[in-house]
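Heads up: the structure comes next, in structure tokens.
Letters A, B, ... mirror the listed sequences (proteins, then strands); counts begin at 1.
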Protein chains: 2
Amino acid sequence: MMELTRKGEYAVRGIVYLATQPEDKVCLLSDIAAAVDVPATFLAKIFQQFSKIGLVKSYRGTGGGFVLGRAADRITLLEVVEAVEGPIIPNRCVVAPGECPRDVFCNVHPVWKRVQVQVRDVLEKVTLRDLAGL
Amino acid sequence: MMELTRKGEYAVRGIVYLATQPEDKVCLLSDIAAAVDVPATFLAKIFQQFSKIGLVKSYRGTGGGFVLGRAADRITLLEVVEAVEGPIIPNRCVVAPGECPRDVFCNVHPVWKRVQVQVRDVLEKVTLRDLAGL
DNA sequence: TCCTAAAAGGATAATAATAGTCCTTTTAGC
DNA sequence: GCTAAAAGGACTATTATTATCCTTTTAGGA
Ligand code: SF4
Ligand code: SF4
């Protein structure tokens, strides 16, 4: 239960690797993929998602590649994970009131909410700089 | 991400309902299923899992049904969830050292461990008695 | 002992999600 | 115009989820 998918795992690996590189260095997707041992075509999709929301900046054509969209200490693990896995939702009822008709009287509901807060809290306190370990 | 499956949700609903009943009352699966709005055939499978590990006691034949295997305040939400969803594993590397060859130098690894601890902690502190709301 | 109630177990099936691959298109540098 | 590299789209294989249905076992009661 609550397992990160490969996609999520690959996403973290890839962007953490970027964070270990000099911040002005434009990295090739193929290099990143090789370095973190992820299928390049799959990682491409992931970085496209990152790019759309500005987590990374991409340059096309010769000399192109990727750099972080912000300083490594201003990107949290939570952002990275949510970018590819979607929001942290331990149970559908936490997403919005009314999702489950039982939520008005349900005592379990607040527990899932608590789980959500705790997980988000852990992930939010970790930045790419922490993970790069420099 | 981290979403409980229907099975898990149904499992919680079903056993919480049992906890709201008088503790010596043998409840029919069909009644439980109707009360918590879950397909009876599906809930049957879930309660079979509960039964195997003693979370509920089952009686077959006429007058049969289910009762809690222990007092409601001695069954935690964690146990219930893990019974049907398996252990709380935010990422494969937390299950055992060596699962991922990178874990020796990986800074992300301990974060997932922390997530695991936090989630387990929240769920462990809640018992069926709390959830039954009596 | 036979009938009926009820859970246990097993097989199967439809749908959705995951984990990719491959090909074409766009963009940019030389 | 050639080449490098990311972006986008279509497609596929595998696995997990969400069930349903049928048969078997167990037990109670007439
Ligand atoms: S935990 Fe309660 S509110 Fe949430 S989905 Fe389950 S029954 Fe509904
Ligand atoms: S978080 Fe680190 S140790 Fe865990 S699977 Fe990913 S790379 Fe491996």
> Could you walk me through whether A/Asp130 and B/Val111 pass the side-chain contact (heavy atoms from CB on, under 4.5 Å) check?
Replying inline: CA-CA 11 Å; A/Asp130 302 328; B/Val111 179; over 6 Å; no
> Got a sec, which residues hit ring-ring contact (aromatic ring centres under 6.0 Å, His included) with B/Tyr10, two or more places apart in sequence or on another chain?
Replying inline: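 B/Tyr10 satisfies ring-ring contact (aromatic ring centres under 6.0 Å, His included) with B/Phe42 only.
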>> My understanding is that a hydrophobic cluster links ILVMFWY residues whose side chain heavy atoms are under 4.5 Å apart, including indirect links. Using that, what else belongs to the cluster containing A/Val117?
In response: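 A/Val117 shares its hydrophobic cluster with no other residue.
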>> If I compare all heavy atoms of A/Glu79 with all of A/Arg74, which pair ends up nearest, and what's the gap?
In response: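 Closest pair (atom of A/Glu79, atom of A/Arg74, distance): OE1-O, 3.6 Å.
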>> Checking contacts here: which listed nucleotide (C/dA7, D/dA6, D/dG8) is nearest the side-chain heavy atoms of B/Arg60?
In response: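 Nucleotide nearest to B/Arg60's side chain: C/dA7.
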With heavy atoms under 4.0 Å as the rule, sort [X] into base, sugar-phosphate or nothing.
X: B/Lys57; answer: nothing
X: B/Ser30; answer: nothing
X: A/Phe47; answer: nothing

> What is the distance from CE of B/Met1 to C1' of D/dA16, rounded to the nearest Å?
Replying inline: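 Distance, rounded to whole Å: 17 Å.
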> Taking atom C1' of C/dA7 as reference, at what distance in whole Å does atom CD1 of B/Ile46 sit?
Replying inline: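 Going from CD1 in B/Ile46 over to C1' in C/dA7 covers 15 Å.
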> Are the side chains of A/Glu3 and B/Glu85 in touch, meaning some heavy atoms are under 4.5 Å apart?
Replying inline: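 A/Glu3 vs B/Glu85: side chains apart.
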> Looking only at side-chain N and O atoms, does A/Ser51 come under 4.0 Å of OP1 or OP2 in D/dA6?
Replying inline: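 No, because none of the side-chain N or O atoms of A/Ser51 sits under 4.0 Å from OP1 or OP2 of D/dA6.
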>> OP1 or OP2 of D/dA7 versus the side-chain N and O atoms of A/Ser58: is any pair under 4.0 Å?
In response: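 Yes.
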>> Among A/Leu131, A/Ile46, A/Leu128, which residue satisfies the side chain to side chain contact (heavy atoms under 4.5 Å, CB included) criterion with A/Ile15?
In response: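 Exactly one candidate clears the test, A/Leu128.
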Which atoms of nucleotides 17-20 of chain D (N or O only) lie under 3.5 Å from a protein N or O atom, and what are those distances?
residue	atom	partner	partner atom	Å
D/dT18	OP2	B/Arg6	N	3.1
D/dA19	OP2	B/Tyr10	OH	2.9
D/dT20	OP2	B/Thr41	OG1	3.1

